[in-house]
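This report concerns only the one structure given below.
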Amino acid sequence: MIKSLFQKVMVAYNGSKSSLQAVLYAILMAKLYKCQVKVVYVVDTETIKKLLLTKFMVREEGDSLTVGLESDGKRNLDYVTNLAKSKGIKIETELRKGSVWAEVISAADDYKANLILLGGHGLEKQRSTLQRDVISAQDSEIIGSAHCSVMVVRQEYLEQLFKLV
C-alpha cells in the first residue's frame, strides 16, 4: 500500500480569514486522508523588539502588546481546536514567539511536517494582476526556506465545503 504524501500537515495561522481558510483545508485533509495536523500561531515578538529599539514604543507598551497578542493567539488556537472537534478531528496546536517565518519553519522541522499550509488571498475578480502576484515577505521567506513542501490555499467556497463534509 502506498503511503500518503502528506502524513503530517502544519498550518501557519494568524487569525486572518485567509489563514483560517488554510486551517479549514487542513481539517478537511485530515478527515479525508487521515493525516495529522498541527496549527501554529506565532506572536511576532521580533517586530516588537525592533519597535522598541527604534523607540517607536516604550517597554511597557511592548510588554502590553505582547500579552495581548499571546491572549489573541490562545483564543484563536482554541477556536480552531473546536472547529476540528466539530468534524471529529484531533489537531495539535502550538503558540510560539519570535520571528514569524523562522518560527513557522522551526515548528515544521520539529513536527517533521511533510507540508506547510499558508493562507492565500481570495480569488476576487476585481484584484489586479499585480495584487494577485504579491505575497507577504513572511510567506515568501517560508516558501523559500522551508525544508518540506509549502502550499498556498486559495480554494473558493471552502466554508461551504467544510459544512458539507
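- Formation of a donor-acceptor pair under 3.5 Å by the Thr54 side chain with backbone atoms of Leu51 is found in this model.
- Note on Leu32: it clusters hydrophobically with Leu161, by side-chain heavy-atom contacts below 4.5 Å among ILVMFWY residues.
- Contact between Val42 and Val104 at its shortest, heavy atoms only, is CG2-CG2, 4.1 Å.
- Smallest separation of non-hydrogen atoms from Ala30 and Ile89: CB-CG2, 3.7 Å.
- The shortest side-chain heavy-atom distance between Asp44 and Glu103 does not fall under the 4.5 Å cut-off.
- Note that the SG atom of Cys35 and the CG atom of Leu115 stand 8.5 Å from one another [nearest 0.5 Å].
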>> Could you walk me through whether Phe162 and Ser86 satisfy the side-chain contact (heavy atoms from CB on, under 4.5 Å) test, starting with their C-alpha distance in whole Å, then the side-chain angles of each, then the deciding distance to 0.1 Å, before giving a yes or no?
In response: CA-CA 10 Å; Phe162 188 81; Ser86 76; 4.3 Å; yes
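- Residues Tyr79 and Tyr13 have side chains in contact (heavy-atom distance under 4.5 Å, counting atoms from C-beta outward).
- Note: the hydrophobic cluster containing Tyr33 also contains Tyr25 (ILVMFWY, side chain heavy atoms under 4.5 Å, direct or indirect links).
- Rounded to the nearest 0.5 angstrom, Gln138 CD and Asn14 CG are separated by 8.5 Å.
- In this structure, Gln36 has no side chain to side chain donor-acceptor pair (under 3.5 Å) partners at least two apart in sequence or on a different chain.
- Among all heavy-atom pairs drawn from Val9 and Ala26, the shortest one is CG1-CB, 4.4 Å.
- Using a 4.5 Å cut-off between side-chain heavy atoms of Ile, Leu, Val, Met, Phe, Trp and Tyr, with links allowed through other members, Leu5 and Val153 fall into the same hydrophobic cluster.
- Looking at every heavy atom in both residues, Ala22 comes nearest to Leu117 through O-CD1, 3.6 Å.
- Under the 4.5 Å side-chain criterion, counting only non-hydrogen atoms from C-beta, Val11 is not in contact with Val40.
- Side-chain contact check for Ile48 versus Leu69: some heavy-atom pair is nearer than 4.5 Å.
- At least one side-chain heavy atom of His147 sits under 4.5 Å from a side-chain heavy atom of Ile105.
- Put simply, CG on Leu158 and NZ on Lys17 are 10.5 Å apart, with the number rounded to the nearest 0.5 Å.
- Here the rule is salt bridge (Lys or Arg N to Asp or Glu O under 4.0 Å) with Asp110, and of Arg96, Lys38, Lys8 only Arg96 fits it.
- Looking at Arg75 and Asp78, no side-chain N of the basic residue comes within less than 4.0 Å of a carboxylate O on the acidic one, giving no salt bridge.
- Here Ile116 contributes atom CD1 and Ile143 contributes atom CD1; the two are 9.5 Å apart, rounded to the nearest 0.5 Å.
- The shortest distance between side-chain heavy atoms of Lys85 and Asn82 falls below 4.5 Å.
- Residues passing the salt bridge (Lys or Arg N to Asp or Glu O under 4.0 Å) test with Glu70 are Lys97, sequence neighbours excluded.
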> Stepwise, does the side-chain contact (heavy atoms from CB on, under 4.5 Å) test hold for Val39 with Glu92?
Replying inline: CA-CA 6 Å; Val39 178; Glu92 287 183 53; over 6 Å; no
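- Heavy atoms from other residues, nucleotides or ligands lying under 6.0 Å from NZ of Lys87 number more than 12.
- Between the side chain of Thr66 and the backbone N or O of Gly62, at least one donor-acceptor pair lies under 3.5 Å.
- Looking only at distances, a side-chain donor or acceptor of Ser19 sits under 3.5 Å from a matching main-chain atom of Ser16.
- No side-chain heavy atom of Glu94 sits under 4.5 Å from any side-chain heavy atom of Tyr41.
- Interatomic distance, CG of Leu65 versus CD of Glu60, reported as 13.0 Å (0.5 Å rounding).
- Separation of atoms CG (Asp109) and SG (Cys148) is listed at 7.5 Å; rounding is to 0.5 Å.
- The shortest heavy-atom contact between Val150 and Ile142 is CG2-O, 4.2 Å.
- Contact check for Val37 versus Ile27: no side-chain heavy atoms found under the 4.5 Å cut-off.
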